[in-house]
> 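Just passing along the structure, written as structure tokens.
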Amino acid sequence: MTATPTIGVLALQGDTAEHLRMLGELGVPAEPVLHPEELDRVDGLILPGGESTTMAKLAARYDLVEPLRKHIGEGMPAYGTCAGMILLADRILDGAEGQQSLGGLDMTVRRNAFGRQSESFEDRIDVEGVSGGPFEAVFIRAPWVESVGESVRVLGKTAHGERAGRIVAVRQGGLLATSFHPELTGDPRIHRLFVDMVKGQA
Amino acid sequence: MTSTVDTPAGSAVGTTRVKRGMAEQLKNGVIMDVVTPEQAKIAEDAGAVAVMALERVPADIRRHGGVARMSDPDMIDGIIEAVSIPVMAKARIGHFVEAQVLESLGVDFIDESEVLTPADEAYHIDKWAFTVPFVCGATNIGEALRRIAEGAAMIRSKGEAGTGNVVEATRHMRAIRREISRLGTLDEAELFGAAKEMQAPYEVVKEVARLGKLPVPLFSAGGVATPADAALMRQLGAESVFVGSGIFKSGDPAKRADAIVQATLHYQDPEVIAKVSRGLGDAMVGINLDDLEESERYAGRGW
């Protein structure tokens with residue numbers, strides 16, 4: 001696919017609007033996804049930041065879990081930020097009781113791994129495949145990736161202080177995930193990478 | 001203007017982006033008042049995006065009277081222990097030591113709240129001095145922008161908390177939205193005049209005019225008792241809602257909590273709101289605002 005794709009942003013809860021704005025600034029058609037049939041109209045999907053337990057409950061309530069799994073399983077490119085990363089993980093540590101993910105990315109993610117809000121932080125991170133210098137990454141009650149399967153490529157790790165060395169950006173085929181929130185900083189490079197992935201150009 | 005705390009290692013906590021970013025994560029979610037760990041679990045299970053830990057919901061604060069203060073740290077610890085979603089707690093207006101205590105307990109957000117008895121008649125808390133983000137109430141744009149200038153990372157329009165009556169929340173949300181729209185129509189010279197009139201810093205006034213919205217999320221709080229109330233506030237422009245007494249003062253809290261979460265998400269879909277409004281049992285008993293003395297009104301606290 002080389003024409004301009006349409007990208008959906010899951011709109012159950014969280015900072016959907018910020019992702020839509022970033023895609024708009026890149027000139028990419030984008031729309032919120034709240035109903036299962038809306039998934040048929042998009043070529044790629046962003047799972048935004050927010051509260052992963054709330055999103056998982058609402059996805060189950062509105063019969064979105066199976067359609068999401070089906071589209072992701074059939075190869076729809078997807079990008080998860082923070083809570084979205086948790087939703088894309090095959091395995092969750094420290095989830096709420098009975099918390100389910102959609103899965104797709106062969107990794108184990110630890111929820112709220114960096115701590116509560118007073119420990120939320122910014123760091124400057126090199127992301128593989130993203131040129132132009134380190135990425136200013138904002139982490140909010142963020143998860144980290146505890147371990148990855150063989151087919152998952154680690155794209156970035158935290159760089160400074162006692163938090164250094166944690167996996168915070170990964171990719172497996174058409175699935176991309178970051179612990180941090182590029183939608184909050186206005187730097188479009190990771191969104192551009194995802195759009196290129198959806199076009200089949202990255 | 002920000003109070004970035006640079007750690008020796010090069011990363012930073014408590015930046016404006018980290019604080020406002022936390023507020024952005026709560027959008028489209030419902031924040032529920034809870035007074036026990038059991039209630040906190042019910043709220044979490046119903047899909048609350050965060051809970052507000054307090055000793056008495058506003059309806060009981062009204063009934064008990066006297067000075068309302070920050071909650072007992074034991075009680076806040078118990079709620080932090082019980083749930084994995086974010087926990088907020090209230091400090092009195094201007095009571096920066098209560099805020100210091102709440103920050104040390106590890107709460108994720110502090111509400112500098114008019115529901116508690118104000119501790120300072122002249123000054124609100126300097127919120128830049130904290131790592132934890134703050135939410136503050138506002139009845140109009142000037143009040144909202146003064147709070148943002150003091151470091152608030154979220155604004156909630158004030159309703160009349162503990163009454164189950166949404167009329168004040170409606171009035172204040174409409175006022176704030178109307179004034180934001182008006183700022184967008186002003187030229188440079190007029191913006192200086194508007195800043196003076198609103199008693200707010202020119203830079204913040206100009207930013208709102210440029211963005212067409214506040215630079216932080218705008219929620220609504222106070223008087224929301226039903227799913228339709230929550231959807232009303234969303235349609236009027238709130239990015240989400242706080243629900244206080246409305247849930248745990250009702251007949252079937254778990255069901256009502258769930259219904260309000262769904263109505264907040266599907267606020268533009270009357271069929272969903274109708275469906276979730278069925279068979280909810282008794283709503284909290286409301287208070288007609290004409291029956292409240294001026295001294296019993298909370299929305300007028302703060303300035």
Side-chain angles (χ1 to χ4, degrees), chain A residues 11-19 32 34-35 48-62 81-83 94-99 111-112 114-125 136-142 158-164 180-181 183-186, chain B residues 4-30 41 44-50 80 83-88 102-110 130-133 153 213 217 239-240 258 261-262 264-266 268-269 272 276:
Chain A
L12 290 171
Q13 192 272 316
D15 64 354
T16 306
E18 282 57 43
H19 281 288
L34 186 52
H35 303 96
E51 177 47 49
S52 64
T53 56
T54 303
M55 282 190 219
K57 285 193 180 92
L58 290 169
R61 154 114 38 222
Y62 292 104
T81 61
C82 194
D94 293 343
E97 214 176 288
Q99 183 174 350
R111 183 166 162 257
N112 298 345
F114 287 105
R116 304 189 69 85
Q117 174 57 15
S118 56
E119 291 149 291
S120 293
F121 65 102
E122 293 189 22
D123 198 353
R124 292 167 64 78
I125 286 168
E136 289 188 22
V138 173
F139 294 84
I140 314 254
R141 287 172 51 99
T158 45
H160 297 94
E162 58 192 25
R163 307 184 191 90
F180 52 91
H181 296 273
E183 73 277 15
L184 293 179
T185 49
Chain B
T4 301
V5 184
D6 279 311
T7 59
S11 61
V13 299
T15 64
T16 301
R17 288 198 297 207
V18 164
K19 290 175 178 175
R20 292 183 179 177
M22 173 66 190
E24 303 283 357
Q25 304 313 306
L26 300 172
K27 289 195 300 195
N28 303 318
V30 180
K41 281 300 291 177
E44 183 177 48
D45 291 343
V49 73
I80 287 176
V83 294
S84 63
I85 55 176
V87 175
M88 300 185 169
L102 294 174
E103 179 169 76
S104 81
L105 294 175
V107 305
D108 297 292
F109 229 106
I110 294 175
F130 289 78
T131 301
V132 67
K213 64 189 276 300
E239 291 174 291
S240 207
D258 177 78
V261 169
Q262 294 193 58
T264 300
L265 172 62
H266 290 280
Q268 288 168 314
D269 189 338
V272 172
V276 302

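Per chain, numbering begins at 1; letters A, B, ... match sequence-line order.
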> Hey, does R116(A) have a side-chain heavy atom less than 4.5 Å from the side chain of V132(B)?
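No. Closest side-chain heavy atoms not under 4.5 Å.
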> Kindly compute the distance separating OG (S118(A)) from CG (L102(B)), expressed to the nearest 0.5 Å.
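S118(A) OG to L102(B) CG: 12.0 Å, rounded to 0.5 Å.
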> Taking all heavy atoms of S11(B) and all of E122(A), pick out the closest pair and write down the distance.
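That would be CB-O, 3.0 Å.
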> Given that the side chain runs from C-beta out, which part of V87(B) has a heavy atom under 4.5 Å from chain A: side chain, backbone, both or neither?
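Backbone plus side chain of V87(B), per the 4.5 Å heavy-atom cut-off to chain A.
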> Side chain from CB out, backbone as N, CA, C, O: work out which of these in A17(A) comes under 4.5 Å of a heavy atom of chain B, or both, or neither.
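It is the side chain, since no backbone atom gets that close.
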> Hey, could you give me the CZ/CG distance between R20(B) and L184(A), rounded to the nearest 0.5 Å?
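Nearest 0.5 Å value for the CZ-CG distance: 12.0 Å.
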> Checking heavy atoms, do the side chain of A50(B), its backbone, both or neither come under 4.5 Å from chain A?
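When you check distances to chain A, no heavy atom of A50(B) falls under 4.5 Å.
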> Under 4.5 Å from any heavy atom of chain B, what part of Q99(A) do you find: side chain, backbone, both or neither?
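Neither; nothing under 4.5 Å.
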> G47(B), G21(B), S84(B): which one forms the most heavy-atom pairs within less than 4.5 Å of chain A?
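With the most close heavy-atom pairs to chain A, the winner is S84(B).
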> Is it true that a side-chain atom of K27(B) and a backbone atom of G50(A) form a donor plus acceptor pair closer than 3.5 Å?
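Side chain of K27(B) to backbone of G50(A), a donor-acceptor pair under 3.5 Å: no, none is there.
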> Heavy-atom pairs under 4.5 Å with chain B: which of N112(A), L12(A), T53(A) has the most?
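Ranked by contacts with chain B, first place is L12(A).
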> Is chain A contacted by the side chain of P217(B), its backbone, both, or neither, given a heavy-atom distance below 4.5 Å?
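Nothing of P217(B), per the 4.5 Å heavy-atom cut-off to chain A.
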> For the residue pair V18(B) and S120(A), what are the closest heavy atoms and their distance?
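Closest approach of V18(B) to S120(A): CG1-CB, 3.5 Å.
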> Quick check for you: among L58(A), T16(A), T54(A), which has the greatest number of heavy-atom pairs under 4.5 Å with chain B?
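Answer, by heavy-atom pair count under 4.5 Å with chain B: T54(A).
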> Would you say that D258(B) contacts R61(A) through its side chain, given a criterion of any heavy-atom pair below 4.5 Å between the two side chains?
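Yes, side chains in contact.
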> Taking E183(A), E136(A), M55(A) one by one, which has the highest count of heavy-atom pairs under 4.5 Å against chain B?
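That would be E136(A).
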> Output the distance between atom CG (L265(B)) and atom CG (L34(A)), rounded to the nearest 0.5 Å.
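Going from the CG atom of L265(B) to the CG atom of L34(A) covers 5.0 Å.
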> Do you know which of V83(B), D45(B), T264(B) has the most heavy-atom pairs with chain A at a distance under 4.5 angstrom?
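Ranked by heavy-atom pairs under 4.5 Å with chain A, first place is D45(B).
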> Between atom CD of Q13(A) and atom CD of Q25(B), what is the distance when rounded to the nearest 0.5 Å?
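One finds 8.0 Å between CD of Q13(A) and CD of Q25(B).
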> When you compare the side chain of I140(A) with that of E24(B), does any pair of heavy atoms fall below 4.5 Å?
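E24(B) vs I140(A): side chains apart.
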> So which part of Q262(B) gets closer than 4.5 Å to some heavy atom of chain A, the side chain, the backbone, both or neither?
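Interface part for Q262(B): both.
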> Looking at every non-hydrogen atom in both residues, tell me the closest pair between R111(A) and I85(B) and how far apart they are.
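Smallest interatomic distance, heavy atoms only, reads NH2-N, 4.1 Å.
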> Provide the closest heavy-atom pair for A96(A) versus E44(B) in the form atom of the first, atom of the second, distance.
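Reported closest heavy-atom pair: CB-OE2, 4.4 Å.
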> Quick one: what part of L26(B) sits under 4.5 Å from any heavy atom of chain A, side chain, backbone, both or neither?
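The backbone, not the side chain.
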> How long is the span from the NE2 atom in H181(A) to the CZ atom in R17(B), to the nearest 0.5 Å?
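One finds 12.5 Å between NE2 of H181(A) and CZ of R17(B).
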> Less than 4.5 Å apart, side chain to side chain, heavy atoms only: is that true for Q117(A) and P86(B)?
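Not touching, per the 4.5 Å side-chain cut-off.
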